[in-house]
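Since the model is a prediction, treat every value here as computed from it, not as a measurement.
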Amino acid sequence: MIKEFQRLKADENDRLKLDWNLQRTLAKVNYVIHTDAIKANLLPTELTKTQISLVYANKADILNMALGQNS
């Protein structure tokens with residue numbers, strides 16, 4: 001009974017690892033799309049470099065929260 005329980009737990013862990021890796025890969029692939037979209041559409045050109053970096057970070061945080069990638 002103990003060996004069967006250990007086998008089932010190992011199978012469950014393997015499935016969870018695959019799901020986690022899939023989510024991580026999707027987030028990585030979408031990262032470039034998100035950052036390019038922020039740069040192209042959400043950053044006013046008349047700001048200073050410091051202001052742009054603050055606006056960019058804020059927009060990236062909002063996007064991450066909206067997409068649930070910070071959990």
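Partners of D11 by side chain to side chain contact (heavy atoms under 4.5 Å, CB included), not counting sequence neighbours, listed by chain and number: R7, R15.
Closest non-hydrogen pair, V55 versus L42, comes out as CG1-O, 4.1 Å.
Under a hydrophobic clustering in which Ile, Leu, Val, Met, Phe, Trp and Tyr are joined whenever their side-chain heavy atoms come within less than 4.5 Å, directly or via other members, I52 and L54 fall into different clusters.
Between N30 atom CG and T35 atom OG1 the span is 10.5 Å, to the nearest 0.5 Å. For the atom pair NE2 (H34) and NZ (K59), the distance works out to 15.5 Å, reported to the nearest 0.5 Å. Between I38 atom CD1 and I33 atom CD1 the span is 12.0 Å, to the nearest 0.5 Å. Atom CG of residue N41 and atom CG of residue D36 lie 10.0 Å apart, to the nearest 0.5 angstrom.
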